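Down below is the structure, laid out as structure tokens.
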Number of protein chains: 2
Amino acid sequence: MNPSEYLSSYGVSRTAIREKLLSILSREDQALSSKEIEEKLGEDIDRVTLYRSIRLFEDKNIIHKIVIDDQTIKYKLINPKKGSTHPHFHCVECDKVLCLPETPLPQCNLPEGFSAKTQNTIVEGTCQKCNH
Amino acid sequence: MNPSEYLSSYGVSRTAIREKLLSILSREDQALSSKEIEEKLGEDIDRVTLYRSIRLFEDKNIIHKIVIDDQTIKYKLINPKKGSTHPHFHCVECDKVLCLPETPLPQCNLPEGFSAKTQNTIVEGTCQKCNH
DNA sequence: TAGAAAATGCAACGATGTTGCAAAATAAAA
DNA sequence: TTTTATTTTGCAACATCGTTGCATTTTCTA
């Protein structure tokens, strides 16, 4: 499916910036920060518009936000077949953030009276490449 | 153990602000944001000093930082007997953040070549009180 | 293709946290 | 205890990240 069709299938109108953003994200297997996206977009892009586009993509479930810590927030295109309810891996060496879609979310036992809706799991460690 | 002894046992010198901070945190079973701490400290405290004290406590392993999302970062006194390697619970109704020290951290299966050092798990849901 | 609706880009703002530095408080030594 | 050295504090200024208001431009719809 081409970018325009992809966007309209999510109810998002086609604009130059949104197609560029989609294109950048779809080329990556790793999650990107807004700063990294900004750098890939180059000079000719307004920061405000980028933030608005990212938020729109989030709201429309085109991407999901992965919060590693207060300094590290990354975005990843959602694979419609796999969703976004899986753990994420953060390499402390190269700072890559990857989805672990094949790993089921481990279950936690909650105290009496508590109920869980979603769960967020970040595994911190070193990736294949950084382990040589 | 009194506050002064507690601080010096962690190699932190005793000052008025640090004792107040320790006192506030030790009264809470829930984790507090820097804003919430600021409010409890009252008028007579400099923001900069508070941030520096929080960072110092983190560095000395007196407290740990729990990152829920980019807007919600909370701090909790570390119970030396229980450490800080357990899941956390975030109530989406009342916004409380609690430790789940009795719940072991669930294990994730990583792809070949990856190795895990630590893991961060936040369970999002509703707490006992908010479930009536 | 014309008009309505939505998106963009700019300037200004806001929240959160940091740095440099002089004054004050604490700890160590005499 | 008093003196001296080291830390900590509080202020002003700054940095980063993200948001809002609004006029202009672009996209969508009929």
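The chains referred to below are lettered A, B, ... by the order of the sequence lines, with proteins before strands, and numbering in each begins at 1. Everything quoted here is computed from the prediction, not taken from an experiment.
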### Query
About how many Å separate CD of E124(A) and OG of S115(B), when rounded to the nearest 0.5 Å?
12.0 Å
### Query
Could you give the CG-to-P distance, from D70(A) to dG17(C), as a whole number of Å?
7 Å
### Query
Given atom OH of Y51(B) and atom P of dT9(D), what is their separation to the nearest angstrom?
16 Å
### Message
Please classify the nucleic acid contact of R52(A) as base, sugar-phosphate, or nothing, using heavy-atom distances under 4.0 Å.
### Response
base
### Letter per nucleotide, 5' to 3', of nucleotides 24-30 of chain D [B base touched, S only sugar-phosphate touched, - untouched; heavy atoms, 4.0 Å]
---SS--
### Query
Can you find a heavy atom in the side chain of T72(B) that is under 4.5 Å from one in the side chain of S33(B)?
no
#### Entry: Separation of dA7(C) P from L21(A) CG (nearest whole Å)
14 Å
## Note on the structure
Separation of dA15(C) atom P from D69(B) atom CG, nearest Å, is 17 Å
#### Entry: Presence of S34(B) side-chain N/O under 4.0 Å of dG17(C) phosphate oxygens OP1/OP2
yes
### Task
Test for a donor-acceptor pair under 3.5 Å between the base of dG10(D) and the side chain of R47(B), counting only N and O atoms.
no
### Task
Let me know the distance between CG of L7(B) and C1' of dA25(C), rounded to the nearest Å.
15 Å
### Message
Tell me whether the side-chain N/O atoms of K35(A) come closer than 4.0 Å to OP1 or OP2 in dC17(D).
### Response
yes
### Query
How many angstroms lie between atom NE2 of H132(A) and atom OG1 of T126(A), to the nearest 0.5 angstrom?
9.5 Å
### Query
What about I37(A) and Y51(A), same hydrophobic cluster or not, with Ile/Leu/Val/Met/Phe/Trp/Tyr joined at side-chain heavy-atom distances under 4.5 Å?
no
### Message
Taking donor-acceptor contacts at under 3.5 Å, does the side chain of R55(A) reach the base of dG18(D)?
### Response
no
### Message
Go nucleotide by nucleotide along DNA chain D from the 5' end; which of V48(A) and Q71(A) gets its closest nucleotide reached first?
### Response
Q71(A)
### Query
Regarding R18(A) and S13(A), is there a side-chain donor-to-acceptor distance under 3.5 Å anywhere?
yes
### Query
When the distance from CG of L50(B) to P of dT9(D) is rounded to whole Å, what number comes out?
10 Å
### Task
Could you check how far CD of E19(B) sits from C1' of dA25(C), rounded to whole Å?
13 Å
### Query
Any ion pair linking K74(B) and E36(B) (charged N to carboxylate O, less than 4.0 Å)?
yes
### Task
Using a strict 4.0 Å threshold on nitrogen-to-oxygen distance, state whether D69(B) and K65(A) make a salt bridge.
no
### Distance in angstrom units between E38(B) CD and dG10(D) P, rounded
13 Å
### Task
Would you kindly compare D46(A) and I73(B) by the position of their nearest DNA chain C nucleotide and give the one closer to the 5′ end?
D46(A)
